[in-house]
Amino acid sequence: MLIILKHGAGQAEIASIVAEVERVGYRPHVSEGESTTLIGAIGKGPTPELLEHFRALPEVAEVIPISKPYKLASLEVQPKPSVISWPTGSTGGNAFMVAAGPCGVESREQILTAARFVKRHGAQMLRGGAFKPRTSPYSYQGMGREGLDLLVEARAETGLPVVTEVLSPEQVELVAEHADMLQIGARNAQNFALLQAVGETNKPVMLKRGMSMTLEEFLMSAEYVLSRGNLKVILVERGIRTFERATRFTLDVSAVPLLKSWTHLPVWIDPSHAAGKRDYVIPLALAGVAVGADGIIVETHPEPEKALSDAAQQLHEHEFALLMKKVRAILPAVGKEMVGGLELA
Ligand code: PEP
Ligand code: MN
């Protein structure tokens, strides 16, 4: 339920309601606005008696049961967009971010070359999988720990924060020690133990939509992270399974405005895994920007043809540079900007 405090409620009133929420076995989530303070009380659906109990308290203006199954993710609990920041940029609200790099970390030279050029063209974060979740156990599985060390080296040289995937709860501590954002892949989007484990960290989490997940299920997965106390979650639409085979997945662009009407969490687009072929990556990325995404994550490789995974969809450097130019041209039309970047281009 959502508890709206009376106008002008101060810290003492907030503390008293928070204590009462905890006393009745719910988890409080305070959102202080300019004129009103909202306290989300997260737990099982409240009984009519409990709603009445809170309505009767002198500090309370109104109590509203939260209608959605996701609570902490909902705009009802936090009406303002969440903004997540790194030294190189922010995402959410009017802040737009670009994360780019190869599908997987393959060698020192490959990741450093990619890090240098994505930075040169204005990306604010480096991507690269050290542990790769492959459909086939015989496909390239990533460099593992060594890949994490190379990402750290690339960050030290370029200043770009790094995002990389974590595959299991046992890996969370190791990956969180190295990465600036933890990626949960589409194939793990309903691995609830993993979602809870990343929810125990203080690192932002980039959650991909599962390929056959509804948007509500997607938000429930985010809720697993949020409910463990980690409120920094980015939702990524990366294409879903449909009957269409001409693209690898079908990019659900409508997911962006829909999610943004339900949640305060930043929403990104991953055009690379949806397209599956580099020719379609730029137009899909631009569609994402145009529908109001708060960021994009794009695959680009110094020598895409030689990539050990996802070779067909990784952009060449010149294509990535063109994409950045086009993204910058569209951003003002949707009222967004790339802030705090290291932009050198
Ligand atoms: C990736 O980003 O490298 C990846 C494997 O993506 P997804 O989980 O969306 O397939
Ligand atoms: Mn990939």
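Excluded from the calculations below are hydrogen atoms, water molecules and symmetry mates; all remaining heavy atoms, backbone and side chain alike, are included. As the structure lists them, so they are numbered: ligands from 1, and atoms in each ligand from 1.
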Distance filter under 4.0 Å to [X] heavy atoms, resulting ligand 1 atoms:
X	result
R238	7 (P), 9 (O), 10 (O)
E299	3 (O)
R187	7 (P), 8 (O), 10 (O)
G185	8 (O)

Going by atom types alone, do [X] and [Y] pair a side-chain donor with an acceptor below 3.5 Å?
X	Y	result
S74	W262	no
H316	E305	yes
R248	Q313	yes

Output yes when [X] and [Y] qualify as a salt bridge under the 4.0 Å nitrogen-oxygen rule, no when they do not.
X	Y	value
D180	K203	no
R127	E299	yes
R209	E217	no
E317	R120	yes

Protein residue, atom and distance nearest to [atom], heavy-atom basis:
atom	answer
atom 6 (O) of ligand 1	K208 NZ, 2.8 Å
atom 4 (C) of ligand 1	H273 NE2, 3.4 Å
atom 8 (O) of ligand 1	A186 N, 2.8 Å

When you compare the side chain of L148 with that of E146, does any pair of heavy atoms fall below 4.5 Å?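 Contact flag for E146/L148 side chains = no.
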What is the NE2(H273)-the Mn ion (ligand 2)-OE2(E299) angle, to the nearest 10 degrees?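 My answer is 80°, to the nearest 10°.
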Ignoring angles and geometry beyond distance, decide whether R127 reaches within less than 3.5 Å of ligand 1 through its nitrogen or oxygen atoms.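 In this structure, R127 places an N or O atom under 3.5 Å from an N or O of ligand 1.
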Can you tell me if M211 has a non-hydrogen atom under 4.0 Å from ligand 1?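 For ligand 1, residue contact (heavy atoms, under 4.0 Å) with M211 is absent.
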For the Mn ion (ligand 2), find the closest N/O/S atom belonging to D310 and write down its atom name.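 For D310, the N, O or S atom at the smallest distance from the Mn ion (ligand 2) is OD2.
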